[in-house]
There are 2 protein chains.
Amino acid sequence: MTETSSNQSTEGGPPGRIGIGLELDATHLKILEVLRENGRISVAALAERVGISRANAYTRFEALRADGAIRRFTAEIDHTRAGLGITALIFVTVRQQMWRQFRAELAKMPEVEYCAITTGQHDAMIQIRVADVAAVHSMVTERLANIPAVKATETVFILDEVIRRPYVLPSDRGPGRPPRRPAPAPAQDPVPLGKLGFVGAAEGRAGLGKE
Amino acid sequence: MTETSSNQSTEGGPPGRIGIGLELDATHLKILEVLRENGRISVAALAERVGISRANAYTRFEALRADGAIRRFTAEIDHTRAGLGITALIFVTVRQQMWRQFRAELAKMPEVEYCAITTGQHDAMIQIRVADVAAVHSMVTERLANIPAVKATETVFILDEVIRRPYVLPSDRGPGRPPRRPAPAPAQDPVPLGKLGFVGAAEGRAGLGKE
DNA sequence: GTTGAAATTAGTACGAA
DNA sequence: TTCGTACTAATTTCAAC
């Protein structure tokens with residue numbers, strides 16, 4: 001394998017990008033299915049498992065990467081083995097119009113594995129991985145509390161992670177059970193891309209996603 | 001590459017396994033760092049980037065896989081491109097001593113990407129990816145509400161995902177800033193493995209992790 | 001979109017330091 | 001343990017169909 005992937009981090013990239021570059025058909029989805037289970041499979045073996053020729057597999061593989069449908073390839077690491085046995089969720093209430101600052105401060109915190117903007121009682125949810133409970137405490141009281149943009153926090157520990165799938169795909173639903181519409185779609189589009197996708201900062205929360 | 005990775009899903013595997021099989025040194029962490037950014041890099045290129053010989057890289061690579069420090073390799077997929085533009089969090093209150101049923105029902109739901117048992121007000125947090133908001137509604141009212149083990153739910157939409165890191169590593173903290181203890185550790189252990197790791201079903205919540 | 005053959009690269013198995 | 005090298009097997013590329 002020639003070191004294909006440059007793999008620059010997508011953090012802070014354009015999240016609300018809805019534009020479609022590639023129409024995903026059943027074969028594309030099949031490729032994604034295999035790749036999410038085994039990101040290191042060779043394209044040759046991938047072609048065999050999907051049931052297409054190698055040249056075709058190479059073409060589609062590259063297209064999926066170029067299009068961004070495949071963001072990157074990564075290793076799932078056992079965080080307890082890596083010395084980060086504690087996982088916690090921190091729900092943050094953010095002062096309006098200080099989102100930019102909040103985001104900037106977040107970027108400086110390497111223990112943050114995930115951060116999402118949510119509806120509901122709080123504004124954001126942060127997932128962190130640290131070595132011990134003391135680190136959670138110092139993270140919340142010393143670092144987060146010192147950010148002016150942070151109005152309030154609520155911390156919860158994760159006791160167990162029951163399901164952690166690489167990425168859900170539409171095909172997971174199975175062929176026999178349509179997502180919602182039993183049999184509408186006249187000229188059936190391969191995949192309802194970006195349907196109602198309001199992902200991207202919204203509701204006066206602009207300034208977080210971009211820039 | 002001989003299709004190395006069997007990559008069987010770890011879902012429902014033993015989560016609370018604390019036993020250490022491998023002591024991770026700085027080189028191991030360096031390998032993990034590279035691999036989490038580029039899971040498809042060849043071992044030869046990996047060796048070069050880490051600064052060790054190819055033979056050594058192969059040995060350590062295999063050791064990390066065998067030990068479980070590397071769970072699997074996966075492709076990060078852009079869910080909006082895959083037709084699943086809606087992400088939601090569902091907080092679930094579970095009836096005590098019905099965890100087994102709850103877990104069994106969860107396993108039947110392919111739209112669940114992540115499920116964690118938490119402390120605090122609710123008992124579990126589920127993250128789902130679906131095509132439209134209607135699917136969230138039907139998921140909550142038709143499927144979750146029909147599980148006897150589910151006492152109550154609270155749903156929140158994810159408007160934007162600001163940070164999504166592959167996996168946090170201890171080395172992310174940087175060399176200059178120790179995690180918590182400035183300079184204690186007499187015979188410094190390479191990594192405080194499993195320290196205070198209460199990951200694994202606890203607090204009368206047994207039966208979820210291991211069945 | 002597919003197949004086959006050539007060139008490159010990856011993976012393995014040594015011995016030596 | 002780690003390294004360096006040689007050997008074998010697989011993968012990728014490129015061509016023609």
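In what follows, chains carry the letters A, B, and so on, assigned in the order in which the sequence lines appear, proteins first and then strands, with residues in each chain numbered from 1.
The listed nucleotides are C:dG11, D:dT12, D:dG4; the one nearest the side chain of B:S53 is D:dG4.
At D:dT2, one or more side-chain N or O atoms of B:R60 fall inside 4.0 Å of OP1 or OP2 (strictly under the cut-off). Remark: A:Y58 is in phosphate contact with D:dT12, judged by side-chain N or O atoms under 4.0 Å from OP1 or OP2. Between D:dT11 and A:S42, a contact under 4.0 Å exists linking OP1 or OP2 to a side-chain N or O.
Between the side chain of A:R54 and the base of C:dG1, no donor-acceptor pair under 3.5 Å is found.
Look at CD1 on B:I52: it is 7 Å from P on D:dC3, rounded to the nearest Å. Remark: P of C:dG1 and CG of A:N56 are 5 Å apart, rounded to the nearest angstrom. One atom, CD of B:E62, and another, P of C:dT12, lie 8 Å apart when rounded to the nearest Å. The CG-P distance, from A:L46 to D:dT11, rounds to 12 Å in whole Å. The CD-C1' distance, from A:E48 to D:dT11, rounds to 13 Å in whole Å. Taking atom CD1 of residue A:I41 and atom P of nucleotide D:dA10, one finds them 15 Å apart after rounding to whole Å.
Centroid-to-centroid, the aromatic rings of A:Y114 and B:Y114 stay 6.0 Å apart or farther.
Side-chain atoms of A:E76 and B:Y167 form no donor-acceptor pair, as typed in the model, at a separation below 3.5 Å.
Remark: B:R40 is positioned above the aromatic ring of A:F73, its terminal NZ or CZ atom under 6.0 angstrom from the ring centre and at most 45 degrees off the axis.
The pair A:D172-B:R129 does not meet the salt-bridge criterion, since no charged nitrogen lies less than 4.0 angstrom from a carboxylate oxygen.
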